[in-house]
Visitor: 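Here it is: the structure, laid out below.
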2 protein chains.
Amino acid sequence: MTDQNEPQLTRIQQKNRERILEGALTAFSANGFRGATIDQIAEAAGLSKPNVLYYFGSKDEIHKTLLTALLDMWLAPMLAIDPRGDPLDEVLDYVSAKLRLSRDFPRESRLFAYEILQGAPHLNEILGGRLRMLVDETVAILAAWIDEGRLAQVEPHHLIFSIWALTQHYADFEVQVRAVLGPGHDPFAEAELYLENLFRRMLQV
Amino acid sequence: MTDQNEPQLTRIQQKNRERILEGALTAFSANGFRGATIDQIAEAAGLSKPNVLYYFGSKDEIHKTLLTALLDMWLAPMLAIDPRGDPLDEVLDYVSAKLRLSRDFPRESRLFAYEILQGAPHLNEILGGRLRMLVDETVAILAAWIDEGRLAQVEPHHLIFSIWALTQHYADFEVQVRAVLGPGHDPFAEAELYLENLFRRMLQV
DNA sequence: TGAAATGCTGACCGAACGGTCAGGATCAGG
DNA sequence: CCTGATCCTGACCGTTCGGTCAGCATTTCA
């Protein structure tokens with residue numbers, strides 16, 4: 001039972017669609033949806049503009065495809081939280097994993113940031129649907145831990161928000177972070193230490 | 001010695017420039033620089049497009065004027081940190097003030113977010129210049145407090161980043177926050193409690 | 001090997017956009 | 001009331017952009 005949603009793509013289709021999405025990720029994350037042009041995407045992908053539109057019907061479709069394809073990667077670390085694990089370790093692992101995503105996939109982070117800033121025109125139903133359900137499950141786990149006295153009393157929704165905010169900040173506002181720190185700093189390495197300290201202090205009972 | 005940088009504006013100039021900046025703030029914060037059009041700005045300001053360009057030479061000039069005019073408001077709470085005050089109170093007051101800015105001026109917050117995401121093309125020299133100096137001063141205050149044992153040992157730069165990240169998140173990602181929380185929540189009121197708790201736990205010695 | 005399917009492109013289109021300009025309306029103040 | 005400065009606009013311009021299309025090239029597979 002392999003995934004047959006997109007009925008078999010040819011070798012060329014597979015390669016070129018991938019190239020386009022890769023180029024589009026660079027373009028969209030650098031300039032936002034309206035700021036990026038199909039020509040930019042085409043050049044980054046090494047294809048002609050009409051050829052890009054041969055594989056994806058419109059600029060919008062490329063954008064939508066990118067966003068939905070990336071959502072899973074973005075949400076995966078939250079799913080990895082194990083209700084049977086040690087509460088503090090689980091949260092700290094989540095923070096660490098999310099920070100690594102920011103470090104290794106800043107373009108993806110910025111893509112989402114643009115989308116949410118814009119008012120999430122493409123993700124609106126997902127935010128209030130799948131994402132909200134996923135968060136609710138995680139909130140339930142956290143609430144149980146707190147009830148059992150294994151985690152300090154904090155509001156679980158906002159705990160999650162704070163993890164998102166703090167980790168994504170280092171990708172989305174990287175320019176600012178680097179400018180303020182000046183040269184000779186490794187923002188992500190420092191953030192790792194700082195955030196572990198922060199959440200440890202806040203969540204230890 | 002009144003501020004005479006802009007040699008006296010007429011009554012009409014003053015009113016219309018203000019209208020344009022107000023309309024531009026709405027347009028830019030909703031769609032980003034490239035996403036906003038001069039026509040949109042003109043309509044929001046209740047003026048014709050050529051008239052907008054009569055007061056500001058270009059779209060870019062409007063944007064730049066907005067950004068620099070807003071910077072002071074945005075940085076003011078950090079300047080209000082008093083080295084002679086109680087360390088924890090001072091930090092918590094700063095957090096609270098910054099969160100109020102997010103609540104009351106979300107458009108301004110989003111405007112900056114777009115600018116930084118873009119790579120800060122208009123603010124680059126400010127980020128590494130005035131902002132960095134301002135942060136360095138605040139860092140010095142925080143470091144002194146930490147040295148004196150009046151604040152827990154945390155890296156001051158990243159403390160400031162975390163305040164920015166956590167407070168701005170509620171303005172910039174408001175759509176996501178509301179979607180995940182669902183109806184019947186007051187994100188900012190909850191955030192106030194949560195963040196005070198967070199920073200109190202983290203910073204108390 | 002040949003023909004059908006797939007892949008690709010140059011040229012082009014219409015709309016949107018930033019910006020200009022000539023000239024008319026309005027206002028300030030002597 | 002007159003005049004010069006300020007204010008405002010319709011019409012227009014060149015460019016950019018998303019998207020189309022006719023037709024040629026290449027690949028696939030029987």
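Residue numbering restarts at 1 for every chain, and letters A, B, ... go by the order of the sequence lines.
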Visitor: B:E90: what forms a side chain to side chain donor-acceptor pair (under 3.5 Å) with it, not counting sequence neighbours?
Guide: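 Expected list: none.
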
Visitor: Taking for each residue the nucleotide of DNA chain D with the nearest heavy atom, is it A:A36 or B:K49 whose nucleotide lies nearer the 5' end?
Guide: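 Checking each residue's closest nucleotide, the 5'-ward one belongs to B:K49.
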
Visitor: What's the separation between atom CG in A:L166 and atom CZ in A:F161, rounded to the nearest 0.5 Å?
Guide: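 Output value for this atom pair is 13.5 Å.
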
Visitor: Side-chain N or O of B:Y54 less than 4.0 angstrom from OP1 or OP2 on D:dC7?
Guide: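 Yes.
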
Visitor: Calculate, to the nearest 0.5 Å, the distance between atoms CZ and OG1 belonging to A:R103 and A:T167 respectively.
Guide: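 Interatomic distance, A:R103 CZ to A:T167 OG1, rounded to 0.5 Å: 12.5 Å.
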
Visitor: Rounded off to whole Å, could you give me the CG-to-P distance for the B:L53 and D:dC13 pair?
Guide: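 The distance from CG of B:L53 to P of D:dC13 comes to 18 Å, rounded to the nearest Å.
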
Visitor: Map A:N51 and B:Q40 onto DNA chain C by nearest heavy atom, then report which one ends up closer to the 5' terminus.
Guide: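 Whichever sits nearer the 5' end wins; that is A:N51.
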
Visitor: So, does B:Q13 get its side chain near the phosphate of D:dC7, meaning an N or O under 4.0 Å from OP1 or OP2?
Guide: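 Indeed, a polar side-chain atom of B:Q13 lies that close.
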
Visitor: Can you see if the side chain of A:R11 gets near the phosphate of D:dT28 - specifically, an N or O under 4.0 Å from OP1 or OP2?
Guide: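 Checking D:dT28 against A:R11, a side-chain N or O does come within under 4.0 Å of OP1 or OP2.
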
Visitor: Would you say A:S48 reaches C:dC8's phosphate, i.e. side-chain N/O to OP1/OP2 under 4.0 Å?
Guide: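 So the side chain of A:S48 is outside the cut-off, no N or O lying under 4.0 Å from OP1 or OP2 of C:dC8.
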
Visitor: Under 4.0 Å, counting only non-hydrogen atoms across every strand here, what does A:I38 touch: a base, just sugar-phosphate, or nothing?
Guide: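 Sugar-phosphate, backbone atoms only, no base.
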
Visitor: Taking only side-chain nitrogens and oxygens of B:Y55, does any of them come within less than 4.0 Å of OP1 or OP2 of D:dC8?
Guide: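 For D:dC8, OP1 or OP2 has a side-chain N or O of B:Y55 closer than 4.0 Å.
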
Visitor: Report yes if a side-chain nitrogen or oxygen of A:N16 is closer than 4.0 Å to either non-bridging phosphate oxygen (OP1 or OP2) of C:dC8; otherwise report no.
Guide: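 So the side-chain polar atoms of A:N16 do come within 4.0 Å of the phosphate oxygens OP1 or OP2 of C:dC8, strictly under.
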
Visitor: Output yes when at least one side-chain N/O atom of A:T10 is less than 4.0 Å from OP1 or OP2 of C:dG7, else no.
Guide: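 Yes, within the criterion.
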
Visitor: Once you measure the plane-to-plane angle for A:F33 and A:H63, does it fall in the parallel (<30°), tilted (30-60°) or perpendicular (>60°) bin?
Guide: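 If you compare the ring of A:F33 with that of A:H63, the planes turn out tilted.
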
